[in-house]
Amino acid sequence: MLSQKTLIRLAPWLVILALGLIWEAVVVGFQVPEFLFPSLSAVWRSTLTHWDPIMMHATQTFLTTLAGFGIAVVVGLVLGAAVGSSPVIYKALYPLLVGFNSIPKVAFVPVLVVWFGIGTIPAILTAFLISFFPVVVNVATGLATLEPELEDVLRSLGASRFDILKKVGLPRAMPYFFASLKVAITLAFVGSVISETVASNLGIGYLMMAASSSMDMALVFAGLIVIGIMGVVMYELFAFAERRLTGWAHRNPNGAL
Amino acid sequence: MDFVRFENVSLAYQPGSPFAIEDVSLSIRENEFISLVGPSGCGKSTVMKLVTGLKPPSKGYVYVDGREVGGPQKCVGMAFQASNLLPWRTTLQNVMLPMEIVEPYRSTLRAKRAEYEEQARALLKRVGLAGFENKFPWELSGGMQQRASICRALIHKPRLLMLDEPFGALDAFTREELWCMVRDLWQEEPFTVVLVTHDLREAVFLADTVYVMSKRPGRILVKREIDLPRPRDLEVTYTEPFAAYVHELREHIGHIRES
Ligand SMILES: Nc1ncnc2c1ncn2[C@@H]1O[C@H](COP(=O)(O)OP(=O)(O)O)[C@@H](O)[C@H]1O
Ligand SMILES: [Mg+2]
């Protein structure tokens, strides 16, 4: 018998395996033509045949995404710290930020193309635009949740606003910050791939666009899977960092947070 | 010479709103242990905020150590019903927090960290937390967290300790243990204490003077000196004079509630 723990560990792989088998069985069983919906094995063959270009475009997308994500983290931290530590800035910026966040970022791509030409820069900027919002919101929330009593303790010691930010605000905001990184990195992939499909001649997005216009559906699916894998790997990486660096927040479900 | 003095102090939280406390006058001697009791919402915590300078009075004057209070007092220790320990710091690191903020410790912390940590360990030992220095707050029981919180309030040797219902969330046995802990800390190295509480036995057991406050807007109704000999043992709480004090205060509170 498998123990509960091993089962939990294996569960995601089992689901992926089952889905793969169903996919293969359905496509082969119903003889779906490959230009509509390729079988998993066809996608695999296509991946091997186009290994080098796929890797080249995947690297491009990966670096583009990381660049956009990096800018989003810096901007998100600064804006979040400002919004979270000053009620005036909060009031002033929040409607604007929320309004901005409800615009589909794909709408910005044509603008960015006019400004920067097609290629990597619009993709980086789209990744940035789509992923900085959760960082801002989470950092601001983390900073704004200082209990009044703790603030009294610190102020009656003579602590300055900056002391309070450094000793309490930022450490308290860290779990929120790391939680937002997981969301932001996956959004950043969405942003860069969107931009690549519309306005680039490099990257997985472009590769998929080119493949679909030549009816090479197996390659399109290979591209989708590659994006998915990169997203999961980065997500897990940040989830791991979160557990390592802010473990105190998770062992303490009903403590003074 | 009074250490803390209120002269006809009133405070409204918003200009124009009714007073939270009204015309409060009191004086606390240096190293006196006073207790404030009164119904919920009568302004006990508000008095704390005025003493520590976290709120300026709307009317009247507040003096601490002969000087009018204008802005947050540095070097006051505070502890509340919730321990407010920082969950990412160990017990020792939590207790060290004031040393990172209050002068002269702050600027000498780099050079004298070992010495200050030794003081923190010694203090933790006095309250029975030896061996828990490197535990995180969630690994401590409620009573232990409260002990650590009081250590944090005392580590920088403040002249004024403010305790706002610090034992309110504890069970009766733990509460009595903590009474004795505070009594011992205060007896060994005296400082001025303002203790806000709902528990009349606690007030009579610990304090030199008990003030009873009225319903909102809070006023001082009764000032009662507690002439029980010190050091007081828990046994004293079962004696006749002790019961008489508690009973008398209980009657004042009863009148407030009826009115
Ligand atoms: N920050 C605040 N803003 C506005 N009103 C407050 C604030 N804090 C307390 N009050 C009001 O002042 C009164 C006294 O409160 P408080 O001093 O906390 O009472 P206690 O500690 O005796 O329960 C209450 O009626 C409360 O609603
Ligand atoms: Mg209160």
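Chain naming here is simple, since letters A, B, ... match the order of the sequence lines and numbering starts at 1 in each.
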query = Does a sphere of radius 6.0 Å around CZ in B/Phe3 hold more than 12 heavy atoms from other residues, nucleotides or ligands, not counting ones at 6.0 Å or beyond?
reply = yes

ask   = Around atom CD of B/Glu188, are there more than 12 heavy atoms of other residues, nucleotides or ligands at under 6.0 Å?
value = yes

query = Quick one: of B/Thr52, B/Asp164, B/Leu160, B/Val76, who has the most non-hydrogen atom pairs under 4.5 Å with chain A?
reply = B/Val76

key: Value rounded to 0.5 Å, distance of CG in A/Leu154 from CG in B/Leu86   = 7.5 Å

ask   = With side chains defined as the heavy atoms from C-beta onward, is the minimum distance between A/Arg155 and B/Met78 less than 4.5 Å?
value = no

key: B/Trp88 CH2 to A/Thr246 OG1 distance, which is reported to the nearest 0.5 Å   = 11.5 Å

ask   = Is A/Lys182 atom NZ crowded by more than 12 heavy atoms from other residues, nucleotides or ligands, each under 6.0 Å away?
value = yes

request  = Could you tell me whether the side chain of A/Val153 reaches within less than 4.5 Å of the side chain of B/Arg152, counting heavy atoms only?
outcome  = yes

message = Other residues, nucleotides and ligands only: do more than 12 of their heavy atoms fall within 6.0 Å of CZ on B/Phe191?
response = yes

ask   = In terms of heavy-atom proximity below 4.5 Å to chain B, should A/Asp163 be classed as side chain, backbone, both, or neither?
value = side chain

task = Residue by residue, scan residues 91-108 of chain B and write down, ordered by number, those that have a heavy-atom distance under 4.5 Å to chain A; if none do, write 'none'.
result = B/Leu97, B/Pro98, B/Glu100, B/Ile101, B/Val102, B/Arg106

request  = Would you indicate whether B/Tyr61, at its atom OH, is surrounded by more than 12 heavy atoms from other residues, nucleotides or ligands within a distance under 6.0 Å?
outcome  = no

task = Could you tell me which portion of B/Leu54 (side chain, backbone, both or neither) has an atom closer than 4.5 angstrom to a non-hydrogen atom of chain A?
result = both

